[in-house]
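Protein chains get the first letters and strands the later ones, always in sequence-line order, with residue 1 at the start of each.
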2 protein chains.
Amino acid sequence: MQMDERKRKILRAIVLDYIATAEPIGSRTIARKFDLGVSPATIRNEMADLEDLGFIEQPYTSAGRIPSDAGYRYFVDCLMDPQVLSEEEKETIERESTKRIHEIQEVISHTSRLLSELTNLTSLVLGPQKGKSTFGKMHFLPYQPGQVIMVIVKENGAIENHIIDVGENITVEDLQHVAGVFNQKMRGYSLGQVKRSLLHEIYGELSRQRQLIDNTMDMLREILSDNEEEERIYLGGTLNMLNQPEFRDLGKVKTLFKVFEENEPLKKLLHPHHEGLNVTIGGENTLKEFRDCSVISATYKVNGLTIGAVGVLGPTRMDYAKVIAIVDFMTRSLAEVLARGKPRGY
Amino acid sequence: MQMDERKRKILRAIVLDYIATAEPIGSRTIARKFDLGVSPATIRNEMADLEDLGFIEQPYTSAGRIPSDAGYRYFVDCLMDPQVLSEEEKETIERESTKRIHEIQEVISHTSRLLSELTNLTSLVLGPQKGKSTFGKMHFLPYQPGQVIMVIVKENGAIENHIIDVGENITVEDLQHVAGVFNQKMRGYSLGQVKRSLLHEIYGELSRQRQLIDNTMDMLREILSDNEEEERIYLGGTLNMLNQPEFRDLGKVKTLFKVFEENEPLKKLLHPHHEGLNVTIGGENTLKEFRDCSVISATYKVNGLTIGAVGVLGPTRMDYAKVIAIVDFMTRSLAEVLARGKPRGY
DNA sequence: TGTTAGCACTCTCCCTCGATGAGTGCTAAC
DNA sequence: GTTAGCACTCATCGAGGGAGAGTGCTAACA
């Protein structure tokens, strides 16, 4: 048995209606709502075929049909009318993206909020991967007696400062000397790359300031370690899930929200199978908690380099066309923002 | 009608049982579970009195009784056995608090997590109020061509850095001069306090670096404005609410979680009526969303100065004795941690 | 051969009804 | 003042039945 034009039309009708109403739909209703020019009986026959093909299923005997994961997949791949955003929506996104932005955090939280507001679903945003956390330059500034501020500029432009104890009898010259040696020896290295020999050299040149060096190295270790914290995924609009009829069950809500508190599963959800836009439907998700959910995700690039991803999580019964359009537009807008005014910190 | 010893015993039994089971309790069950030496009928009479006094109520005719807000209040004020934490619990808290802590953020998130884990309720933590954000000292460091890093040390010890554009033709001497003037004129002032005359002076002395001054002032305005962001309340264990039978209703969950997303209502919840430990029961909360909830909150001090507050939010039917003990112990532990190794940023 | 009308059948949903049981308030006896 | 007895109330639960939506099958039709 093969798909023909009429079967396609009927499948399309079923998916569209189910997305809109969340109710199983029967042959009679299809005939009434969608003008297919055939009687309910004919539609019934076709529906039996579509069920054999695995595209639709019945929650129970003599209920209407609902799309299966495969049905949604076929719909997304072959049946869906690509949608363009309304001017209003485009404007909302662009208005946000023209705001001046200082910190990468702000970009992420804006994006996340916008995505969830526009889709009424939950948004996932993976910020730009930090550039390699390699040592750029170091400065010391006076702070309290016995303490100095160590300012580290990484090669990716991020700046961090920490206070370190130096003891009372360190002079400004000592500090300048230490900073000078570090700046000369360590530029471009991450801490993992600092070889023993290099350490040796540093300790050799700075034997007098032993304790200062130790403290400095401790801090550097912390700052330059590729902190996995950075890969945190930002969630937005989790409460929107509560509005979905498929989450009327408190147990489901609980397991879902529990997963939201962890980072790893979300990362898995967002990590793309390939570059560009991904649609993952229901059981295609590896995690069983999300077998009723779909994810539309997309990576974004700056200067031809993929640096992050955004996504939208919703029930399998989501408005794919619309969400895809939003995610697509959003990644473009985001890439633009990042390319234009490179915010600090990545 | 007055409370007597037997009425007190019965009220205590009702509250204790309802806290444990979340089920209305009847005279027969009280007689069976609690050995009061009187028959159910006697208890019934007393319960009628307690209802007249407003301490208990019936969800519907011929159901058992449950404590009213006033009943809980009487219980907390007069009937409750103060509880001491188990050694195990004390140890858990103290183990956490001996960890070395760098950032105030970490202290807050630890506290929040611990509180919600120990109580199985939702925790609220208001971090130490930042000290006055007055200008301490300023440094400039080289960054990119045309940009410098401005490092601001506030008088409360917090350090922030920002990048500002300076144009190509600024020399190191110019920068030093600017920093010098600011350091001399502005120490100890918050931005609101910078008088026109002072600004005048600064502009007068630095007329050559007009643009740099403008940019610097912009940044300072941002950094020194008493950012209300700082007063954010940290929530922990919000999901614990889902385990409470009183939130089996999805509608309630939704409104509750919606409030959780805002800051102002939570602040109101936590802001103490008086120093030390506060118990706010049900309708005593001003917000209607929390009329089924109670809050145990407490302020904490460092050097005799109240600097923040923690709290636990749960259904009115919570184990007051235990939660009070935990919150109390926690604030002490927190004060200790903060007094010992003063983390940066407040 | 594909399409359609008719029809019996199935299954959920919702309402009603009665039994059950917990708990009460009242009364009268102790 | 306390207690036993009793009639009464009301939520909960399960069974039963009607309504309604939808199906699959069959036979007639183009």
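B:Y74 and B:R8 share a donor-acceptor pair across their side chains, judged by distance under 3.5 Å alone. A donor-acceptor contact closer than 3.5 angstrom is absent between the side chains of B:Y234 and B:T111.
As rounded to whole Å, 8 Å separates atom P of D:dT23 from atom CD1 of A:I30. Atom pair B:I10:CD1 and C:dT24:C1' shows a separation of 15 Å (rounding to whole Å applied). Put simply, CZ on B:R44 is 10 Å from P on D:dA4, counting in whole angstrom units. Regarding A:R65, its CZ atom lies at a distance of 7 Å from the C1' atom of D:dT23, rounded to whole Å. For the pair B:N45 CG and C:dG25 P, the computed distance is 9 Å after rounding to whole Å. Counting to the nearest Å, the P atom of D:dG22 and the CD atom of A:E51 are 15 Å from each other. Protein atom CD of B:Q58 is 10 Å distant from nucleotide atom P of D:dC10, rounded to whole Å. One atom, OH of A:Y60, and another, C1' of C:dC13, lie 8 Å apart when rounded to the nearest Å.
C:dC30 is paired with D:dG1 under the Watson-Crick or G-U wobble criterion, all donor-acceptor distances under 3.5 Å. Under the Watson-Crick and G-U wobble criteria, each requiring two contacts below 3.5 Å, nucleotide C:dG6 is paired to D:dC25.
OP1 or OP2 of C:dT24 has at least one side-chain nitrogen or oxygen of B:S27 nearer than 4.0 Å. In this structure, B:T61 does not reach the D:dT9 phosphate: none of its side-chain N or O atoms is under 4.0 Å from OP1 or OP2. Between A:R6 and the phosphate of C:dT3, there is a side-chain N or O to OP1/OP2 separation shorter than 4.0 Å.
Counting only residues at least two apart or on different chains, the side-chain hydrogen bond (donor to acceptor under 3.5 Å, both in side chains) pairs with a member in residues 57-69 of chain B are B:E51-B:R65.
Distances from the side chain of A:T29 to the nucleotides D:dG22, D:dT23, C:dT10 place D:dG22 closest. The nucleotide whose nearest atom lies closest to any side-chain atom of A:S62 is, among D:dC10, D:dA4, D:dG22, D:dG22.
Across all strands, A:A41 comes closer than 4.0 Å to base atoms (heavy-atom distances). Using a 4.0 Å heavy-atom distance criterion, A:T42 is classed as a base contact.
For CZ of B:R73, the number of neighbouring non-hydrogen atoms (other residues, nucleotides, ligands) closer than 6.0 Å is greater than 12.
Aromatic rings of A:F257 and A:F260 (six-membered ring for Trp) have centroids within the 6.0 Å cut-off, being under it.
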